[in-house]
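Taking it in order: structure first as structure tokens, then the write-up.
Convention: sequence-line order gives letters A, B, ...; per-chain numbering from 1. Computed from a predicted model, the values in this text were never measured in an experiment.
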Amino acid sequence: MVMTTHEEKMRTVRFRVAAAPHIVVNPDICRNQCTVHACVYVCPANLFVPLDDGGILFNYEQCFECGTCYIACNQEGAIRWAYPDGGYGVTFRES
Amino acid sequence: MTTHPANQQFDVIIAGAGPAGSAAALLTARAGLKVLLLERGEYPGAKNVSGAVFYGSAILNELIPGWWEQAPVERHICRRNIAFMSPATAVALDFRCAGPGYATAPYNGFTVLRPKFDRWLAAQAEAAGAFVLTSAVVDDVLREKGRIAGVRVRREQGDIYGKVVIACDGVNSFLAKKAGLQREFHPHELSLGVKEVIGLDPAVIEDRFHLTGNDGIAFEYLGAITEDVHGGAFLYTNRDSLSLGLIGQISSLVERRKRPYELLERFKAHPAVAPLVRGGKLREYSAHLIPESGWAMKPKLYTDGMLVAGDAAGFCLAAGLYLEGMNYAMQSGLAAAETAILACQKGNFSARTLAVYQKHLKQRHVSTDFRAYRHAPSFVNGPRLQNLYPEIVAQGMEQIFRVDGAPKRKILPLAYRMVRQSSIKPGQLLRDVYQVARTYLW
Amino acid sequence: MHIAVCLKYVPDPSTIEADPLTGSIDTGRVLYMMNPADESALELALRLRPPNGAVTVLSVGPVEADRLLQEALAAGADAALRVWDDALGSLKPIITTALLAAALRMKELPGLVLCGGHSVDRGSGTVPALLAEHLDWPVATDVTQFVLQSGRIRVQRRLARGARAESEITLPAVLGLETGLAHLRQASLPSLMRVKHTPIPLYGLEDLGLSPQDLHFPAMTLHEIMPPRPRAQAMFTPDASAPVPERIAQIMSAGAAGKAGKVLDSGTPEQQADAIIEFLHQRGFLEHRT
Ligand SMILES: Cc1cc2nc3c(=O)[nH]c(=O)nc-3n(C[C@H](O)[C@H](O)[C@H](O)COP(=O)(O)OP(=O)(O)OC[C@H]3O[C@@H](n4cnc5c(N)ncnc54)[C@H](O)[C@@H]3O)c2cc1C
Ligand code: SF4
Ligand code: SF4
């Protein structure tokens, strides 16, 4: 199949999930200070889920470690971002 | 018993085993220096994404003659095509070359798959004597007496010392930031690339793109292919797959509230692209940032005990006609290596000694190219070049070729009318023509 | 005490892509790793190791498995060895375990052997028991927790349907551990660097004093693994008239709870058998009544 859903795309990627998250989002800031919610649109892995109350639900497991979210986010302190521990995280095979 | 490597002091510590880091490691190791190459992935290339056409064949050929015969390369590029897109049309500039240097050794460019290519390149550095350590994230630089004297790896007893550190840790370069050489970036300075590798039978690829043997093509797309988002798209042929991807400026994605993978789907569905990818099967989806702003986001390139190379230094030319980063990464990595070798000979690692890095960058045409194209990124990412002009060209061609019983118009009056109907002011048009010329011609 | 841990070099299932038509696997895209259950077994062994004890890791596998053994050494294992011989054909669990047992006998036998209970590739789950058989030791499988107590081990085992059992076995013993009991620690930087060029001793059949004939076991032959075949089944639906909490409880129990059994105490044996068959057919356990 050439045309694929986002879920189908993500299924082709290999992740070695670390025990601890490498990115932590502070939903209070998202809820109270952010109106743009840029992360929701730009994250290529679609990991930022907007909640009804304006907060954000974030799961780190399927992250490409690209850095787009922390650069797009305009709220100081909303995203704590680091690379996962050595050997963990995304492992591309063909890109 | 040999001493444990961890107890040795290294001459050179290189963070990041992309093309910049591995090239630097290869050259410094060959010079007999003790080299440590640290990579956070499970293997070199595990975290890396490019289009990827590697235009550094001639450079690498100087280091490893005939390198393509042993390296995992896909196809050599003998045809390039740049298309200006509107939603339903495409006007393209097609360049084919079967002449020397393109279709013959050392070849102008090869498509590669980074996880395989980077792994091979790092293995060359290892064979030359570098100590390559994977699964090692560098978190910080270590300072001693006011100079950078090593790095901190995120593991127990992770401090490790070296005479000179080369940061080749890619676009996000936390190391350059920790060393105080780089500032934080703005969303308009970086673009996000999303990519798919799509499996396709080699015979189908050769048929579809009119290729023989290991010939390959590089197609690039500008204009409405990214809709109203500033960016572009590409499609390259590998041996038994296609690499295609879409690049969008972060600020523009945010502003337009566009999801990159949805744009990618629509790119594949464009009438000019769909027949090229038909019948393929998705093998891998990936994403990575590109330091689009080149010269404007260049950090301070060196300080006492440390150099910065590759994407970490913003040496990536991503401006309209060009999408070249791996070759500049390699060139700057080599320039940093030459600098480190010299510093080791002198036994002096101060910023003053390391300043020769600039000279080496110039000799390897890195800084000269980036200075020459310093206007390109802001211009290419402007709204007129991104959307308006491609649209006008595409529509104009559509009218020129249309046969519908209406009288044919000559091109100039048609063009005049198209421009008049658009929102461009004549003065603006002239200025843009000048800009294009200044960007690409002189 | 000396503890041995068996590590298996396995393909990461998430990287195995079978062509839906031909069933063939794209081997170029498969990545290998330490079997997750073995990885947590190693971590538990390292935690259990007394100050004067030692942890040995061993693997039956090709040269690529050296990388795993080096990882284990970096994480803190004291010794590693690999068993491989080009004369080996397919590795049935009975053969793997015979090799492991022979390798363990090469040196002073350990007091405890930890294995992952299941591997993510074949996952026959028979390795701990077969190994214990070769060694003539007691075995506990499906272990979720264990503590050493004066020469014995108290183990907690997982039984079917979430039930648990506590038992005790004497040492030396083999334990088959569940997956995900512990996360393997990150190696320190000096250890990681040290193991990079550490050679792993290799034992072939001859080194183990075995000949191919010793590995001829009467055993089951695997012919084919078939993908699960979807079959129409009667779905359990909660009683719509019941109040919400009750319906939720019914859904959560997937119909397991509260299903009143029926005792067949009348009719001829044939009639009773028919009633059972009818029951199984209605519930989707049987496709045909005959
Ligand atoms: C979608 C896309 C398409 C592209 N197409 C092309 C193309 O066709 N041709 C071309 O020439 N260029 C292309 N580029 C640009 C090219 O990919 C980069 O310019 C090039 O990879 C830069 O090389 P580098 O060695 O500087 O950095 P990278 O290749 O990014 O390597 C950096 C390395 O450092 C490692 N690392 C990072 N941080 C740490 C840390 N803290 N500790 C340890 N290791 C670390 C990373 O894992 C990585 O291996 C493209 C880029 C993208 C995103
Ligand atoms: S952009 Fe930043 S602040 Fe806004 S929702 Fe996303 S993470 Fe939160
Ligand atoms: S780093 Fe990239 S993939 Fe990961 S959460 Fe941020 S935007 Fe998404």
Quiz prompt | Short N-O contact, B:Arg40 and A:Glu65, less than 4.0 angstrom | solution = yes
Quiz item: Rounded to the nearest 0.5 Å, what separation is found between the CG atom of B:Asp139 and the CG atom of A:Asp85?
Solution: 8.5 Å
Quiz prompt | Heavy-atom pair with the smallest gap, counting every atom of A:Val42 and B:Ile250 | solution = CG1-O, 4.3 Å
Exercise. Please look at B:Asn48 and chain A and tell me whether the side chain, the backbone, both or neither of the residue comes under 4.5 angstrom of a heavy atom of that chain.
Key: backbone
Quiz item: What are the two closest non-hydrogen atoms of B:Leu192 and A:Pro44, and how far apart are they?
Solution: CD2-CD, 4.0 Å
Practice problem: Tell me, for B:Ser243 versus chain A, whether the close heavy atoms (under 4.5 Å) come from the side chain, the backbone, both or neither. | Solution: neither
Practice problem: For B:Arg257 and A:Tyr41, test the side chains for any donor-to-acceptor distance below 3.5 angstrom and give the result as yes or no. | Solution: yes
Quiz item: What part of B:Arg278 lies closer than 4.5 angstrom to a heavy atom of chain A: side chain, backbone, both or neither?
Solution: backbone
Quiz prompt | Ring centers of A:Phe92, B:Tyr43 separated by less than 6.0 Å | solution = no
Quiz item: If you count heavy-atom pairs under 4.5 Å between each of B:Arg256, B:His288, B:Glu196 and chain A, which one has the most?
Solution: B:Glu196
Quiz item: Under a 4.5 Å heavy-atom cut-off, does chain B meet the side chain of A:Asn46, its backbone, both or neither?
Solution: both
Practice problem: Check whether B:Ala269 gets within reach of chain A through its side chain, its backbone, both or neither, counting any heavy atom under 4.5 Å. | Solution: both
Quiz item: Which atom pair, heavy atoms only, marks the closest approach of A:Val2 to B:Lys268?
Solution: O-NZ, 2.6 Å
Quiz item: Is a salt bridge present between B:Glu284 and A:Arg11, judged by a nitrogen-to-oxygen distance below 4.0 Å?
Solution: no
Quiz prompt | Pairing of A:Lys9 and B:Glu265 as salt bridge, 4.0 angstrom limit | solution = yes
Practice problem: Specify which of B:Val138, B:Val137, B:Val194 makes the most heavy-atom pairs with chain A at under 4.5 Å. | Solution: B:Val137
Quiz item: Which answer fits B:Arg154, side chain, backbone, both or neither, if we ask what part of it has an atom under 4.5 Å from a heavy atom of chain A?
Solution: side chain
Quiz item: For A:Cys39, is it the side chain, the backbone, both or neither that has a heavy atom under 4.5 Å from a heavy atom of chain B?
Solution: neither
Quiz item: Are more than 12 heavy atoms from other residues, nucleotides or ligands located less than 6.0 Å from atom CZ of A:Arg80?
Solution: no
Exercise. Side chain from CB out, backbone as N, CA, C, O: work out which of these in B:Ala287 comes under 4.5 Å of a heavy atom of chain A, or both, or neither.
Key: both
Quiz item: Is it the backbone or the side chain of B:Glu189 that comes under 4.5 Å from a heavy atom of chain A, or both, or neither?
Solution: neither
Practice problem: Counting only heavy atoms closer than 4.5 Å, note whether B:Ser50 contacts chain A via side chain, backbone, both or neither. | Solution: backbone
Quiz item: Relative to the ring of A:Tyr83, is the ring of B:Phe174 parallel (under 30°), tilted (30 to 60°) or perpendicular (over 60°)?
Solution: perpendicular
Quiz item: Can B:Asn172 and A:Tyr70 be counted as having a side-chain donor-acceptor contact under 3.5 angstrom?
Solution: yes
Practice problem: Check each atom of B:Lys258 against the heavy atoms of chain A and say whether the ones under 4.5 Å are side chain, backbone, both or neither. | Solution: backbone
Quiz item: Can you tell me if CD on A:Gln33 sees more than 12 non-hydrogen neighbours from other groups inside 6.0 Å?
Solution: yes
Self-check item: Value rounded to 0.5 Å, distance of CD in B:Glu42 from OH in A:Tyr88
Solution: 10.0 Å
Exercise. Under the side chain to side chain contact (heavy atoms under 4.5 Å, CB included) rule, what do B:His186 and A:Ile71 come out as? Steps first, then yes or no, please.
Key: CA-CA 7 Å; B:His186 302 292; A:Ile71 286 171; over 6 Å; no
Practice problem: Mind listing the closest non-hydrogen atom pair of A:Ser95 and B:Pro115 along with its distance? | Solution: C-CD, 3.4 Å
Quiz item: Pick from A:Glu94, A:Met10, A:His6: which one has the most heavy-atom pairs with chain B under 4.5 Å?
Solution: A:Glu94
Quiz prompt | Selection from B:Val254, B:Leu282, B:Val197 maximising heavy-atom pairs under 4.5 Å formed with chain A | solution = B:Leu282
